[in-house]
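In what follows, residues are counted from 1 in the order of the sequence shown.
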Amino acid sequence: MSASQAREARKDAERAKDRERVSRKFKRVQPDDRGDLKITHVQRIRQGLEHEGVFDQVRAWQRGHDQTSVKRGAPEKVSLESFLILLSAVVEDGSASLIMDVAQTARFRLTRDAADLLGIRDDVYALKDDPAGRTFWDVKHTEEEGTVTFALSPAALYDRMQSAMDRLSDLVEPFPGIATRAPRPINEVEAAIAALDADEIAAKRDRLLWLMNAIVHGSLYRYNREVRRAIKRTWRGSLAIDGTKLAISSTKFGGGVRKEYRNCNSTRMHHSEAMGGWYVRLGDHGGFHEDGVTPLSRKEVRDATWALEVHFGVMIDDEHATKSNRTLNLAVAVSIDTPGARIGENSLTVLEAAHKFATENGIGPGTVVGDRAVMPNAQYKKFKKPARELGYKTCHDYTSTQLGKIDGPIGSVQVEGQFCCPAISAAMTNATKNARKRLDTVDDDADTAEPDRTYAQQLERRTLLNLPIKEIPNADGELRISCPASDPRGGVSCPLRERVVAQIEDAELRNKLTDRMNDGKTRLRITNPPVMPGAICTSTQLTHKVKLDDKTGKYYQDYAYKSPSWYKMYGQRQQVETFNKDVKANGMSDTKRRRVRGFAKQGILAAMFAAATNVKRINAFNAVRNANKQNSPTDPGPSGHPDPDPDPDHSIAVRDEDLSPPDEIAA
């Protein structure tokens, strides 16, 4: 080889070396310019999680796991308590929530007091081959800080944090071993999933959902009682539920499983995050229209993303709220699953977690609002029935195939959730269906189309035929209805009902019903009474006790469809959509901040992003609240001097409860 060839070979080798990708795991961690984590921030995170019993519960799970585990490793060098706090702080700080960044934060961004609080070992800060035996604390914030070498290598520190993440995941992972480093053939993945124990999956799923919701609830308990009271003062227990995607990094249509290759023993490669699925923005997010049956077209699924689906439950106003009495829209519940899977069950998980939080704070159930994938598409027994048993009212929309009338109890009909007189005309029954068809024929969308006065008039007239209901359905779905022609709250007069009343032998009852029908109120005259009337028309009872079943309960709602109160309540669904947008903007949509493998790890990080969004909203709320306090003039009182605090000790106790002075708000 000539000298020139040797030089070229050396240059090629140097260029190849420059192109080598250095593993992030073994990259030497250097101090950054983000500054120290405030100890108050660390204390708040710990306070919130401790209030929810997270650390006690995790330790209980660990004890049970260690007793049943065949393999027992060395004692933990980073406690799960410390790791959870550090990971939460990194997520809220806007850092890349990777294990390496958690390690970097533990070494470079903690104060000595914060490190002692978390129980971080001293060997993390010991300097290598230092004759004076110094630690990082001796050189921190000096020129020497960026040149020191640690006795514990970055790789070893990384391994400690990775071990903590894996130990935590082992306690709550419903699908162990399914998420892998590299894709596997579909048949191998399906065999691995089939080999899992169903009871173990259910138990670990319950653990994971409990932990996720405890993390979210803990974000509110970082604040003192005064702040919490201000937050919950206007909340009446109403909730909006919606799902959003938790994207997982993948090559477009290169790592996920197409529908035609499922359950076919295919050797095609499955995505390494096998519990994910193709998330489609339209329909039920799982590849079907909102009815859960009709598949979307190939064009409609073109923009699908390989992802998991996270359901959030967000606090909202009720129909009586005013502009000066608005609820702070915070997430109080969360669930995670495959897109489009178990929508009713996941929504119920969210509702139950929110109900638990509300009950603990002395708040009763309100109204639950959801999109059509949740209500009414979910089976009655999977969501609306248990929601009713918890005491919640429901408000939702309908798909085009769910409009019109269906058979109701004792001869009535149900039209878009309301029980109506069986003599209702076809024009009134199909008013919404025809209005949607007219809207589809114009170029404008629903937000810009001209109001349909005909439709509004039909809805107004249709309320006259609604069966009067005595009280809302109880926990068992029971309610009392009556004929609108012989009830003072009704709006119709009916020749059939008049003949039935005239034949009543009991004079007192006959006169009572006759007086009701002749109350002088202007009523809509029924001209086409049913040919084969049911008990609602022929019975002499004043009211009838009926019970919602799987069909009527599925479509029944507590607000007259398209009424002003319905619009006000259903419009609150926008709040959960706004929360979804904010939590994604805060980092949840960035797959680089969630480079972890496993269903449980993705769920834990999703809960932490929701908690971080809650904290930002509470801090903004508290800042406005404090500013209003400062700008509000003080009432001088009758004497011309400000009134003293009638109970200063109580006031101080409320203001400073759960806090370590002087800060009130977490960083």
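- Aromatic ring pairs are classed by plane angle as parallel below 30°, tilted from 30° to 60° and perpendicular above 60°; the pair Phe357 and Tyr221 is perpendicular.
- Ring geometry for Tyr570 versus Trp566: interplanar angle under 30°, hence parallel rather than tilted (30 to 60°).
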(message) Tyr559 vs Tyr567, test: side chain to side chain contact (heavy atoms under 4.5 Å, CB included). Steps then yes/no.
(response) CA-CA 9 Å; Tyr559 298 83; Tyr567 274 113; over 6 Å; no
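- Of the possible polar contacts, one joining the Asp371 side chain to the Val374 backbone as a donor-acceptor pair under 3.5 Å is found.
- When side chains are defined from C-beta on, Pro365 does not count as touching Leu390, because their heavy atoms never get closer than 4.5 Å.
- Taking the side chain as every heavy atom from C-beta outward, Leu509 and Leu542 approach each other to under 4.5 Å.
- Taking 4.0 Å as the cut-off between side-chain N and carboxylate O, Asp550 and Lys381 do not count as a salt-bridged pair.
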(request) Decide side chain to side chain contact (heavy atoms under 4.5 Å, CB included) for Phe419 and Leu479; before the verdict, give the C-alpha distance in whole Å, the side-chain angles of both, and the deciding distance to 0.1 Å. (result) CA-CA 11 Å; Phe419 293 127; Leu479 67 159; 4.2 Å; yes
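- When each of Glu498, Lys512, Arg497 is paired with Ser486, the side-chain hydrogen bond (donor to acceptor under 3.5 Å, both in side chains) condition holds for Arg497 and for no other.
- Using the six-membered ring where Trp is involved, Tyr555 and Tyr398 have ring planes that are tilted, between 30° and 60° apart.
- Residues Ile241 and Phe383 meet the side-chain proximity criterion, which asks for heavy atoms closer than 4.5 Å.
- You'll find the side chain of Ser539 reaches within 4.5 Å of the side chain of His544, heavy atoms only.
- Taking the side chain as every heavy atom from C-beta outward, Gln541 and Ile410 never approach each other to under 4.5 Å.
- Side-chain atoms of Glu52 never come within 3.5 Å of backbone atoms of Ile215 as a donor-acceptor pair (strictly under, hydrogens ignored).
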